[in-house]
Amino acid sequence: MSTVTTTEDRGAARVPVRRLTVLYDAECGLCTHLRDWLVRQPQLVPLEMVPAGSAEARRRFPDLDHRATLDEVTVVGDSGQVYRDAAAWIVTLWALREHRPLAHRLSTPAGARLARGAVLAAAKWRGTQWGGQVYRRADGWTYHPSAGWSYSAPGCDSGGCVTR
């Protein structure tokens, strides 16, 4: 199971979680679908959805590896806790009224293996999209429904970039 990090100097292990921030890939169809599903669920602990790698995420969490948050599910607690991969999904389910019992079952050793398998299956599905590559606007990719994906190297809109 993924490591759950707490900020000991702030007593995070003793402080109740009152809010969770879910960092999601805003350019991933599966990720945005799950974000939309999460916001519709009754929440016992409020969930804030912030695009991973965004200026807002960087401002709020300057010490995170923001490149990694685009590749793995990351949830940050209001006391500095950082949950990744399966632990992030478990804590997110724990925040939902109707799914807290499931979160408790998934937090057991057997449940953690199941949660890890679900996260790996989602990652595999996500990785099979677009030929196993994630196309990002920041890297120069754009999607047009009629034409598909196209690439223009960042900063080369004027046509002045050197190609090899």
Side-chain angles (χ1 to χ4, degrees), residues 1-130 132-139 141 143:
M1 189 163 146
S2 298
T3 303
V4 176
T5 307
T6 60
T7 308
E8 293 179 24
D9 61 334
R10 290 197 281 170
R14 296 182 305 272
V15 176
V17 175
R18 293 195 170 106
R19 179 172 301 281
L20 293 167
T21 302
V22 178
L23 300 174
Y24 70 96
D25 185 345
E27 294 184 22
C28 164
L30 175 62
C31 303
T32 57
H33 174 77
L34 291 170
R35 175 211 56 206
D36 293 345
W37 179 80
L38 286 169
V39 298
R40 289 191 311 267
Q41 302 304 304
Q43 300 172 4
L44 294 171
V45 175
L47 297 174
E48 292 183 83
M49 305 296 167
V50 174
S54 67
E56 178 66 12
R58 291 175 193 283
R59 184 188 66 75
R60 287 186 185 198
F61 312 111
D63 296 333
L64 280 181
D65 176 355
H66 290 279
R67 188 91 171 131
T69 65
L70 288 166
D71 295 328
E72 60 187 2
V73 179
T74 305
V75 176
V76 182
D78 60 336
S79 295
Q81 307 93 330
V82 177
Y83 306 88
R84 298 186 193 280
D85 294 325
W89 279 113
I90 293 169
V91 76
T92 301
L93 290 172
W94 173 82
L96 303 177
R97 184 179 72 211
E98 295 173 12
H99 299 284
R100 187 168 276 188
L102 174 60
H104 285 291
R105 287 192 300 277
L106 292 175
S107 68
T108 67
R113 283 191 297 278
L114 179 64
R116 179 76 179 143
V119 168
L120 289 174
K124 184 175 181 178
W125 179 88
R126 184 176 174 217
T128 63
Q129 302 304 299
W130 309 295
Q133 181 177 356
V134 177
Y135 296 105
R136 301 201 179 281
R137 287 182 192 97
D139 295 333
W141 291 96
Y143 181 76

Novice: The criterion is side-chain contact (heavy atoms from CB on, under 4.5 Å); which residues satisfy it with A103, sequence neighbours excluded?
Specialist: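 Per chain and number, A103 pairs via side-chain contact (heavy atoms from CB on, under 4.5 Å) with I90, L93, W94.
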Novice: With sequence neighbours excluded, what pairs up with P42 under the side-chain contact (heavy atoms from CB on, under 4.5 Å) test?
Specialist: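 P42: side-chain contact (heavy atoms from CB on, under 4.5 Å) contacts with R97, E98.
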Novice: Might you point out which heavy atoms bring A57 and P51 nearest each other, and give the distance in Å?
Specialist: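 In this case the closest contact between A57 and P51 is CB-O, 3.6 Å.
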Novice: Measuring from R35:CZ to D25:CG, what's the distance to the nearest 0.5 Å?
Specialist: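 It is 10.5 Å, given to the nearest 0.5 Å.
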Novice: For the CE atom of M49 and the OG1 atom of T32, what is their distance to the nearest 0.5 Å?
Specialist: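 If I round to the nearest 0.5 Å, the distance is 12.0 Å.
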Novice: What is the distance from atom CZ of R100 to atom CG of L102, rounded to the nearest 0.5 Å?
Specialist: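 Answer for the CZ-CG pair, R100 versus L102, is 12.5 Å.
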Novice: Apply side chain to side chain contact (heavy atoms under 4.5 Å, CB included) to V73 and T92, showing your working.
Specialist: CA-CA 10 Å; V73 179; T92 301; 5.8 Å; no
Novice: Among pairs that include at least one residue of residues 36-59, which meet ring pair (Phe, Tyr, Trp, His ring centres under 6.0 Å), considering only residues two or more places apart or in two chains?
Specialist: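 Sorted pair list: W37-H99.
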Novice: Please list all pairs passing the ring pair (Phe, Tyr, Trp, His ring centres under 6.0 Å) test where one or both residues lie in residues 48-77, with sequence neighbours left out.
Specialist: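 Residue pairs passing ring pair (Phe, Tyr, Trp, His ring centres under 6.0 Å), neighbours aside: none found.
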Novice: Which residue pairs satisfy the salt bridge (charged side-chain N to carboxylate O under 4.0 Å, His left out) criterion with at least one member in residues 50-63, sequence neighbours excluded?
Specialist: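 Sorted result for residues 50-63: E48-R60, E56-R59, E56-R60.
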Novice: Any chance you could measure H33, atom NE2, to L38, atom CG, to the nearest 0.5 Å?
Specialist: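 Between atom NE2 of H33 and atom CG of L38 there are 9.5 Å.
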Novice: List the residues meeting side-chain contact (heavy atoms from CB on, under 4.5 Å) with P46, not counting sequence neighbours, and say none if there are none.
Specialist: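 Result, side-chain contact (heavy atoms from CB on, under 4.5 Å) vs P46: R19, Q43.
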Novice: What's the shortest heavy-atom distance between Y83 and G77, and which atoms?
Specialist: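 What the structure gives for the nearest pair is CE1-N, 4.4 Å.
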Novice: Can you name the one residue among V75, V76, T74, V91 that meets side chain to side chain contact (heavy atoms under 4.5 Å, CB included) with V22?
Specialist: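 Answer after filtering V75, V76, T74, V91: V75.
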Novice: What distance separates L20 CG from L96 CG, expressed to the nearest 0.5 Å?
Specialist: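 One finds 9.5 Å between CG of L20 and CG of L96.
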Novice: Taking S79's backbone N and O only, do any of them form a donor-acceptor pair with Q81's side chain (distance below 3.5 Å, no angle check)?
Specialist: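 Answer holds: yes.
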